Structures are given as C-alpha cells and as structure tokens.
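Just so it is clear: chains get the letters A, B, ... in the order the sequence lines come, proteins before strands, and each one is counted from 1. Being a predicted model, the structure only gives us computed values, none of them experimental.
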Amino acid sequence: MTQRNEDDKGVYGIAVAAEMAGIGEQALRLYERRGLLTPDRTAGGTRRYSVDDVTILRRVAQLLGEGLNLAGARRVLELEEDNRRLEAKITRLMRREVRGPDRS
DNA sequence: CTTCTAACA
DNA sequence: TGTTAGCA
C-alpha cells in the first residue's frame, strides 16, 4: 500500500540506462537475472529502468570494482536497503519521543 | 527490444 | 566468474 516515489518508476530503456550507468546492456540483463535489481516491465515485456535503478547500477559497478562478485554485491545491496529502513524507523521513533506519540 | 548460446579473460 | 558478441 506504500505509494511509489517518482524515482521508483521506470522511465529509461535498457540502452539509456546502460549508457547512464556506464555498463553494457548484456550485463544489465545479467544483473537482473542474478537478483541485483528488478526494473519495471512494460506490457510488452521491455525493461523500464527508474532513476533509483540507475543509482543501484552505479553502486553495483562500484562494488564490483572493489573486488566483490555479483553474489557479494547483491548481499551488500540487501544490507544497505535494510539499513535505510532501520534508519528511517529510528528517525520516526526519535520524532515520537520528542513530541509524543498521540498527536493528530 | 527480447532470450539464448558460445567464446574469452 | 563475469563480460561480450552474435543470433533468432
């Protein structure tokens, strides 16, 4: 039920996304098959990469350059996403602690 | 644009 | 293991 952010919506074709991330198109398809990201698909089945997807792709390139393999990069992406959620939760809890939980 | 296959480092 | 080129 969580609404989608503008940057989560796929807008770029694979050629554009590959060019933006500096990665080959075949590699992008491989990353998807390995579960590193899941770009949107049009009704016809063509991939639609979002701004966030391109950010992830850049991160992947960075991790691979640091010596991680695809499985390792995937792990890191998962953990980083977990951390973002936890951080957001902490922020919510802190806000509640300051002004109180019951406020309309 | 897609998936698949094979060659290469 | 990951990338790339070529094919259908």
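Here the side chains of A/Leu64 and A/Asn69 are not in contact, with every heavy-atom distance at 4.5 Å or above.
Looking at residues two or more places apart in sequence or on another chain, you find a salt bridge (Lys or Arg N to Asp or Glu O under 4.0 Å) between A/Arg41 and A/Glu32. Listed by chain and number, the residues in a side-chain contact (heavy atoms from CB on, under 4.5 Å) with A/Arg29 are A/Ile14, A/Glu25, A/Gln26, A/Arg47 (sequence neighbours excluded). Annotation: side-chain contact (heavy atoms from CB on, under 4.5 Å) contacts of A/Glu66 (sequence neighbours excluded): A/Gln62, A/Leu63. Listed by chain and residue number, A/Thr46, A/Arg48 satisfy the side-chain contact (heavy atoms from CB on, under 4.5 Å) test with A/Thr42 (two or more places apart in sequence, or in another chain).
Rounding to the nearest 0.5 Å gives a distance of 8.5 Å between CG of A/Leu36 and CG of A/Leu30. Atoms CG and CG, from A/Leu57 and A/Leu37 in turn, are 5.0 Å apart once rounded to the nearest 0.5 Å. Here OH of A/Tyr49 is found 14.0 Å from OG1 of A/Thr55. Values are rounded to the nearest 0.5 Å.
Legend: salt bridge (Lys or Arg N to Asp or Glu O under 4.0 Å) pairs involving residues 69-78 of chain A, not counting sequence neighbours, sorted by first then second residue: A/Arg74-A/Glu78, A/Arg75-A/Glu78. The salt bridge (Lys or Arg N to Asp or Glu O under 4.0 Å) analysis of residues 8-20 of chain A, with sequence neighbours excluded, yields the pairs A/Glu6-A/Lys9.
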Original post:
Would A/Tyr12 and A/Val51 count as a side chain to side chain contact (heavy atoms under 4.5 Å, CB included) if you check the C-alpha gap in whole Å, the side-chain angles of each, and the deciding distance to 0.1 Å?
Top reply: CA-CA 8 Å; A/Tyr12 310 116; A/Val51 172; 3.8 Å; yes
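Here the range on DNA chain B touched by chain A, meaning any atom under 4.0 Å from one of its heavy atoms, is B/dC1 to B/dC4.
Between the P atom of C/dG2 and the CZ atom of A/Arg33 lies a distance of 12 Å, rounded to the nearest Å.
Side chains of A/Asp53 and A/Ser50: a donor-acceptor N/O pair is present below 3.5 angstrom, by distance only.
Taking every heavy atom of residues 72-81 of chain A and every atom of DNA chain C, no pair lies under 4.0 Å. Near DNA chain B, defined here as any heavy-atom distance below 4.0 Å, the residues from residues 34-54 of chain A are A/Arg41, A/Gly45, A/Thr46, A/Arg47, listed numerically.
Without hydrogens or angle criteria, A/Asp7 side chain to A/Asp52 main chain gives no donor-acceptor distance under 3.5 Å.
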Subject >> Intra- and inter-strand pairs of DNA chain C in dot-bracket (Watson-Crick or G-U wobble, both distances under 3.5 Å; | for another strand) >> reply: ||||||.|
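Among all heavy-atom pairs drawn from A/Gly24 and A/Ala18, the shortest one is C-CB, 4.2 Å.
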Original post:
Base, backbone or nothing for each nucleotide of nucleotides 3-8 of chain C, written B, S, -, heavy atoms under 4.0 angstrom, 5' to 3'?
Top reply: BBBB--
Distance-only donor-acceptor hits, side chain of residues 79-90 of chain A, under 3.5 Å, sequence neighbours excluded:
residue, atom, partner, partner atom, Å
A/Glu80, OE1, A/Arg59, NE, 3.2
A/Glu80, OE2, A/Arg59, NE, 3.1
A/Glu80, OE2, A/Arg59, NH2, 2.7
A/Glu81, OE2, A/Arg85, NH1, 3.3
A/Glu81, OE2, A/Arg85, NH2, 2.8

